[in-house]
Amino acid sequence: MISAFARQCNNREALATAGASVVSRAGRGLVALSLASMLALGAPAAAFAEVLDTDVVAGKTVADRGLSVDECPDVTAAHVILVGSDGTVYFSRDADAEVKIASITKIMTAVVALENAPLDLTVTVDSEAATVGESSAGLLEGDSMDLKTALYALLVPSGNDAGIAIAKSVGAYMTGDASTGYDAFIAAMNAKAADLGMTESLYTNPHGLDFGSFASEDLHSSAKDVATLVAYAMQNDTFRGIVDAGDTSIVVTSADGAQRNVALATTDELMGVYDGICGVKTGTTDDAGYCFAAAVNRPQGEFYSVVLNSPSSDERFSDTVTLMDWAYSNLSQRSLVNTDQSVEYNGAAAPLVAKVAHNGWVDTTVNATVADPDLTAEVFDAAGPVEGAMNLDELSGDVHAGDVIGTLTFAQDGETIAQTNVIAAEDVAAPNFFEKIGVGLDRWIRGLQGQQTVAQTVDCMLAQPISDR
């Protein structure tokens, strides 16, 4: 349980007033140094991190896969998910549970605003927005700015003030009625959640506060739903640029018409510290615990992670590092067609994958190779071994080099990851009329003697494809 003092302090995710920004940056610098040292020294991500038998790796529990602790990410958060940009779920822990998500709510606020109003829409800060408290961008009553600027104030320092201002201004634009705009905006948040299939989500405000005057509101989501939302939001270039901005500043117009610079300190402690980090959003309240939805992009691909209800602020970030390190370390590019034998085909050496029985003869086989000897696939190692299977045709007539005589399919955990045609590497003619008579007599004699009457097909593939990391 987070202490009463933490309730007063931890909900203030930004401390983004001009006077507090230096302190915030200094504190974040210490955390960054700590994380950098931890990564460099290979220290454990968290003192009380653990791996549960019920944790799910690529669709199966750790127990079902028989994975060791060293093969799994050891994280502290109660609700966790790690997904690829294509939606593939690589790791999850109680990811469907309906829980509080605090300021991660603001991702949906940004999405609805971006999809329902122009970026140059004027956003005005009223008394309610300026006095909502807790995490603030330092906006004052009467301030105005365009929507894009307001989104920086919302997402970089996690400004609750910006959240209310955006909801009211965009809502009024959507309905043409300022008196109903706020409610219309919240309704649009829930409609978007439904459109995205976020079945465990309910939005009741645009900022995520769940205590004080907001305590009676049943705002909730799930790690799985948040991951769905993050993957969707990151397709928007404006959103993507804002959550990747780090510390920045904005210019707002004060109530008296004067221009004012407002410093914004990011709440993302991994920004500029962890390789490839490009967003997305933190969240903290007593009921939600410490939360973080992250995006990391590297040449190998993009991953999104969500950790909800971590025990401490540091651990939400170290949990994220653990998940992302595990994800990228499990990616490998596999060379799939592996055999220790070769055959001449088209004047060059080709992999010999099989010697396929020709049913027209007693003891004749056809050397076979594949159409794509350089076939590769990206594999997530923790999902299990890659297995190859050949489906070969029955050969009886004339066979010519290059004829397709089957398929070679590679699968991991029951899912096909690659396929290529098996082709004949040589010409083999079927027996002519007189040869068929001789073959028939030979088979009759072999049958009487209990010997095989057709050659055996030989699979020349190695059992395990070689990993080319």
Side-chain angles (χ1 to χ4, degrees), residues 58-60 332-381 383-469:
K60 293 182 180 179
S332 64
Q333 194 72 21
R334 296 284 187 91
S335 175
L336 298 175
V337 182
N338 293 288
T339 172
D340 57 4
Q341 301 179 61
S342 63
V343 64
E344 185 176 339
Y345 175 66
N346 282 344
L352 178 65
V353 298
K355 297 178 179 180
V356 185
H358 192 297
N359 293 335
W361 300 96
V362 172
D363 55 4
T364 299
T365 59
V366 178
N367 288 329
T369 185
V370 287
D372 184 4
D374 298 320
L375 184 67
T376 62
E378 187 174 78
V379 173
F380 197 77
D381 294 334
V386 175
E387 299 175 339
M390 269 186 283
N391 183 19
L392 300 170
D393 298 338
E394 294 279 337
L395 303 182
S396 56
D398 291 339
V399 177
H400 302 94
D403 286 351
V404 175
I405 59 174
T407 56
L408 176 57
T409 302
F410 295 93
Q412 185 183 35
D413 205 23
E415 296 291 329
T416 297
I417 60 173
Q419 189 176 72
T420 185
N421 285 330
V422 177
I423 58 176
E426 60 179 337
D427 295 333
V428 175
N432 59 32
F433 176 78
F434 296 104
E435 289 171 329
K436 285 181 179 179
I437 295 174
V439 168
L441 179 61
D442 190 7
R443 280 183 173 151
W444 179 70
I445 296 172
R446 286 172 177 261
L448 293 177
Q449 296 175 342
Q451 299 178 13
Q452 66 181 42
T453 58
V454 177
Q456 289 187 331
T457 293
V458 178
D459 184 346
C460 301
M461 288 287 293
L462 297 176
Q464 291 294 329
I466 298 171
S467 174
D468 293 329
R469 289 210 178 178

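As the structure is a computational prediction, the values presented were derived from the model and not from experiment.
Taking the side chain as every heavy atom from C-beta outward, Val356 and Thr365 never approach each other to under 4.5 Å. When side chains are defined from C-beta on, Val422 counts as touching Leu392, because their heavy atoms get closer than 4.5 Å. Looking only at side-chain heavy atoms (C-beta outward), Val454 and Arg443 come within less than 4.5 Å of each other. Counting heavy atoms from C-beta outward, Lys60 and Asp413 have side chains that approach closer than 4.5 Å. Between Val366 and Leu395, the closest side-chain pair of non-hydrogen atoms falls below 4.5 Å. Residues Lys355 and Thr457 have side chains not in contact (no heavy-atom distance under 4.5 Å, counting atoms from C-beta outward).
Across every non-hydrogen atom of Thr339 and Pro351, the tightest pair is CG2-CB, 3.6 Å. What you find for Tyr345 and Ala401 is that their closest heavy atoms are CE1-CB, 4.1 Å. Residues Gln412 and Phe380 come closest through the heavy atom pair NE2-O, 2.9 Å. The nearest pair of heavy atoms linking Met461 to Met390 is CG-CE, 4.1 Å. Taking both residues in full, the closest heavy atoms of Ala418 and Ala377 are given as CB-CB, 4.4 Å, listed atom of the first, atom of the second, then distance. Here the closest heavy-atom approach between residue Val379 and residue Arg334 is recorded as CG2-CG, 3.5 Å.
Here CG of Asp363 is found 12.0 Å from CD of Gln456. Values are rounded to the nearest 0.5 Å. Of the inter-residue distances, the one linking Ile417 atom CD1 with Leu336 atom CG reads 5.5 Å to the nearest 0.5 angstrom. With rounding to the nearest 0.5 angstrom, the CG atom of Asp398 is 7.0 Å from the NE2 atom of His358. Atom-to-atom distance recorded for Ile423:CD1 and Asn346:CG is 7.5 Å, nearest 0.5 angstrom. Expressed to the nearest 0.5 Å, how far CD1 of Ile405 lies from OG1 of Thr369 amounts to 10.0 Å. Rounding to the nearest 0.5 angstrom, the gap separating the CD1 atom in Ile437 from the CG atom in Asp442 is 13.5 Å.
At most 12 heavy atoms of other shown residues, nucleotides or ligands fall within 6.0 angstrom of atom CD in Glu415.
With respect to Val353, the side-chain contact (heavy atoms from CB on, under 4.5 Å) criterion is satisfied by exactly one of Val458, Asn367, Leu462, Val370: Val370.
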- Please lay out, stage by stage, how Asp372 and Val337 fare under the test side-chain contact (heavy atoms from CB on, under 4.5 Å). CA-CA 8 Å; Asp372 184 4; Val337 182; over 6 Å; no

